[in-house]
Amino acid sequence: MKESYYPQEIEKKWQKVWEDNKAFKTYDDTDKPKYFALSMFPYPSGKLHMGHVRNYTITDVIARYKKMNGFNVLHPIGWDSFGLPAENAAMQHGANPENWTDENIAYMTKQLKMLGLSYDWDREVTTCKPDYYKWTQWLFLQLYKKGLAYKKEAAVNWCDKCATVLANEQVIDGKCWRCDSVVEKKYLSQWFLKITDYAEVLLEDLDKLPGWGDNVKIMQANWIGKSQGALLKFKVKEIPGMEVPVYTTRPDTVYGITYLVVAPEYKDIEKLTTPENKAAVEEYRANARKMTEIERLSTDRVKTGVPLGTHCINPFNGEEFPLWTADYALVEYGTGAVMAVPTHDTRDFDFAKKYNLPKKVVIENPETPSDCKDEAYTEPGVMVNSGEFNGMSNEDAKKAITQKAVDEGFGEFKTQYRLRDWLVSRQRYWGAPIPVVYCEKCGIQPVPEEQLPVLLPKDVDFTVTGKSPITTSKTFVNTTCPCCGGPAKRETDTMDTFVCSSWYYLRYSDAKNANAPFDKKLVNKWLPVDQYVGGIEHAILHLLYSRFFTKALRDLGLLDFDEPFKNLLTQGMVLKDGSKMSKSKGNTVDPDEIFENYGADTARLFILSDSPPARDFDWSDAGVEGCYKFLNRVWRLISSNAKNITMDYKLEFPLRKDNDDLVRNVHIAIKGISNDISNDFQFNTVISKYRELVNAIYDWQGKKGELDNEDKQVVSFAILSLIKLISPVAVHLSEEAWSELGGKTSIHDEEWPKWDENLAKASSITLIVQVNGKLRDKIEADETLSDDELKALALESSKVKEFTDGKTIVKTIVVPKKLVNIVVK
RNA sequence: GCCCUGGUGGCGGAAUCGGUAGACGCGUUGGACUUAAAAUCCAAUUGGGUGUAUAACUCAGUGCCAGUUCAAGUCUGGCCCAGGGCACCA
């Protein structure tokens, strides 16, 4: 065995062996329990960044650990390879998005292999390949048949720079998630997936996910935004037969309504406007249209509005109140109309104050009644000025008032969600074509399944601006109607890439299936994913869409489970100098350089070492250096002992004290490391424990001269255990060392070491002695001593006596085998 | 404004149930080895104080203020700060 560590050479050597042997291929039929470990698959942007390295290393260590613990592990990888960057690159360089993508995949594949990741490459999936997107299209058609995909004209988010529409989930603070440009509203006819049908179950089933962090679950719950209230209908005084319905969560405040607001885009607004008010209303609406979403939704903007001239009648008390339009009412939520109660809603209060609209208190705290002159009263209280409901608590009144509305026919109980349907069409080339055609006679026609895939055309001009490159194809658009055989036009929109990524994890169970997206038996065998690892940025987007897909496909009978990801680990970001690594800041670290200078094992060790996986990780060059030194230290420990180590060692108890202590340290390490991995994958403390074990072996060795037979058995046990423990992280070093020491098979086929509970603790205990809760002495004691004996031992201590002399002992607390606290006065 | 997460040495962080605060590492300082350097190894490293200064001892200390307890980084109440999410959602 060579004396010094030479990572570049051994890493290359073993990577080739593993590839040639298909060392990490997963077979479907074994008796072992299954374990599906999955990283969120990458977009092939060009090169791996450190966030990828962190993500894939975490999952790889988990996969390897589970394999050593007897699981049949599925650990695949693939490419989320449709999307705008490829198309933009093509436009800039006159290239083809497909070539650009293929080159990136080839390069990144090489990097993944250099990292020593244990993927089953036979299950690789690539969403931009026809053998994959055929099934994306097929699934779209199944959703269409079920009424879960539909086309409608709606106000949608438009990003001018990306020249496409966006889903609500892709608009962050009124800006495009990808390019940060301000998003506009446009009225367009677009394809939607009916995720709102699943709003309730998507919310409820969050409770079935104890293996997800609360932060993610809360974010999803907020996004779904369930609220319960009432739908109330108000007759319009001036227009017989016309009603304005409003949704409210505060039916208890109906007696306090003093006006009603409709959104500027409200569908009946023109009917509700009197001729005298028409000009002012038109002008107000025109201004509202001009505003960006950001301006419009800013909460610190002064609220504005204009009256329509008409009035509604409050069915509860017969009062009349005016109708206004104001842009603080949102057309997309509820009915687009709001009943305004300035006394008990802060927004209505602001508006009423500005326009001098009346206020009427209907809820009061009896102890501190407020006239609501200075601010709205939004706390619970007792009903006043509310007819038959006076004296009731406002919480009870919500129900009672709604019930009255139900009984008298002007309202109903209503549950409202903020979640909107998922807009999936994109006016771009590089995506899965939406498989429908438009026929003048027959209307929208799905492409027959046997004609799938609808292939992306190649005769495309990528340099066009203002329209999707796909529309420049001479061969794509014109087709025949599958229904009447007459001329028809293909849909030129492609699908949001998030559609492709909403089912890729299912495809891994049966990646090569040419007859179906996946076999039902196989998908039910491997799924749900046991451990999913990825960035928090997908807390809503990908994770919500995937949950929706899984439930929809279950309802289509394609699979039998209802949640795709049993456990979710959201890893923190990789930072450098306290801020996120980015090209624009110039603080990136190139993984290739790290592999070249230190090797993949160092990179893997370091990326796991300093922070727990869920927390942000600050990259430091000194830290990498430290990990490299540690691996050298491990290597030297092994190589300098190579001649003393036998694979078939035997420990014969009792051992001499120093040897017994080393064996104990090994068991303590096995136990600690196993527990840390089981407990939320705390790899940072796992690595501390590697170091402690290595230090312990060095210390032991430092006190020895020539090793006798017992020493050799003990050091064999210690070092071979160390190699196993470190093998999921230092995958190459451990393989090389194992092989050099005479291992017949791969270290990665070994079993995880087990600990003996009796040996996984120190041979004696350190008794902590406190006086009045303060540490005064530590005494080495035999662990068999009883509580009384420990107490006596503590009282004998001279240090304790200094603090107890001349005082009365009030009581003594003994924590068995650990601590004695003497309370004195 | 609402919700979530966090706040521990110079730094990253550790600390099953409330029971030795600061594991492990980075950095720093001193030393050994060397002609020298690198590498390696050894030692010190929360702050203040007493001190025979290489010993030994002592007080304070986990964002702030209270509380519960024999005992609080850990539990309770009230604040402050940082990061993240949502936000005119009626």
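Any value given below was found using the heavy atoms of this structure, including those in side chains, with hydrogens, waters and symmetry copies removed. Numbers restart at 1 for each chain; the letters A, B, ... are given by sequence-line order, proteins then strands.
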In whole Å, what is the span from the [atom1] atom of [X] to the [atom2] atom of [N]?
{"X": "I607(A)", "N": "rG25(B)", "atom1": "CD1", "atom2": "P", "value": "20 Å"}
{"X": "Y690(A)", "N": "rA14(B)", "atom1": "OH", "atom2": "C1'", "value": "17 Å"}
{"X": "N675(A)", "N": "rA15(B)", "atom1": "CG", "atom2": "P", "value": "12 Å"}
{"X": "F630(A)", "N": "rA39(B)", "atom1": "CZ", "atom2": "P", "value": "18 Å"}
{"X": "K689(A)", "N": "rU16(B)", "atom1": "NZ", "atom2": "C1'", "value": "10 Å"}
{"X": "K576(A)", "N": "rG12(B)", "atom1": "NZ", "atom2": "P", "value": "16 Å"}
{"X": "I668(A)", "N": "rA23(B)", "atom1": "CD1", "atom2": "C1'", "value": "13 Å"}
{"X": "Y333(A)", "N": "rC88(B)", "atom1": "OH", "atom2": "C1'", "value": "12 Å"}

Under 4.0 Å, heavy atoms only, any strand: does [X] hit a base, just the sugar-phosphate, or nothing?
{"X": "F349(A)", "answer": "nothing"}
{"X": "R776(A)", "answer": "sugar-phosphate"}
{"X": "K799(A)", "answer": "sugar-phosphate"}
{"X": "R615(A)", "answer": "sugar-phosphate"}
{"X": "Q682(A)", "answer": "sugar-phosphate"}
{"X": "T812(A)", "answer": "nothing"}
{"X": "Q416(A)", "answer": "nothing"}
{"X": "V823(A)", "answer": "sugar-phosphate"}
{"X": "I218(A)", "answer": "sugar-phosphate"}
{"X": "N684(A)", "answer": "sugar-phosphate"}
{"X": "N695(A)", "answer": "sugar-phosphate"}
{"X": "R691(A)", "answer": "sugar-phosphate"}
{"X": "A329(A)", "answer": "base"}

Original post:
Would you call rG9(B) syn or anti, using the 90° rule around 0?
Top reply: syn
Subject >> rC17(B): syn or anti, per glycosidic angle within 90° of 0 >> reply: syn
Original post:
M219(A) or T335(A): which one's nearest nucleotide on RNA chain B is closer to the 5' end?
Top reply: M219(A)
Original post:
If you pin Y698(A) and D327(A) to their nearest nucleotides in RNA chain B, which one's is more 5'?
Top reply: Y698(A)
Can you figure out which of [options] approaches the side chain of [X] most closely?
{"X": "T249(A)", "options": "rA90(B), rU20(B), rA60(B)", "value": "rA90(B)"}
{"X": "I813(A)", "options": "rA87(B), rC41(B), rG19(B)", "value": "rG19(B)"}
{"X": "W223(A)", "options": "rA87(B), rC41(B), rA14(B)", "value": "rA87(B)"}
{"X": "L330(A)", "options": "rC70(B), rC26(B), rA90(B)", "value": "rA90(B)"}

Going by distance alone, is a donor N or O of one side chain under 3.5 Å from an acceptor N or O of the other, for [X] and [Y]?
{"X": "R418(A)", "Y": "N168(A)", "answer": "no"}
{"X": "D777(A)", "Y": "S797(A)", "answer": "yes"}
{"X": "Y545(A)", "Y": "E169(A)", "answer": "yes"}

Subject >> Pair of N/O donor and acceptor under 3.5 Å linking rC88(B) base with K303(A) side chain >> reply: yes
Original post:
Considering only heavy atoms and no angle criterion, is a donor-acceptor pair shorter than 3.5 Å present between the side chain of N215(A) and the base of rC4(B)?
Top reply: no
Subject >> K689(A) side, atom NZ; L693(A) side, atom CG - distance, nearest 0.5 Å >> reply: 12.0 Å
Distance under 6.0 Å and angle within 45° of the ring axis: does [X] meet both against [Y]?
{"X": "R636(A)", "Y": "Y5(A)", "result": "no"}
{"X": "K353(A)", "Y": "Y355(A)", "result": "no"}
{"X": "K360(A)", "Y": "Y255(A)", "result": "no"}

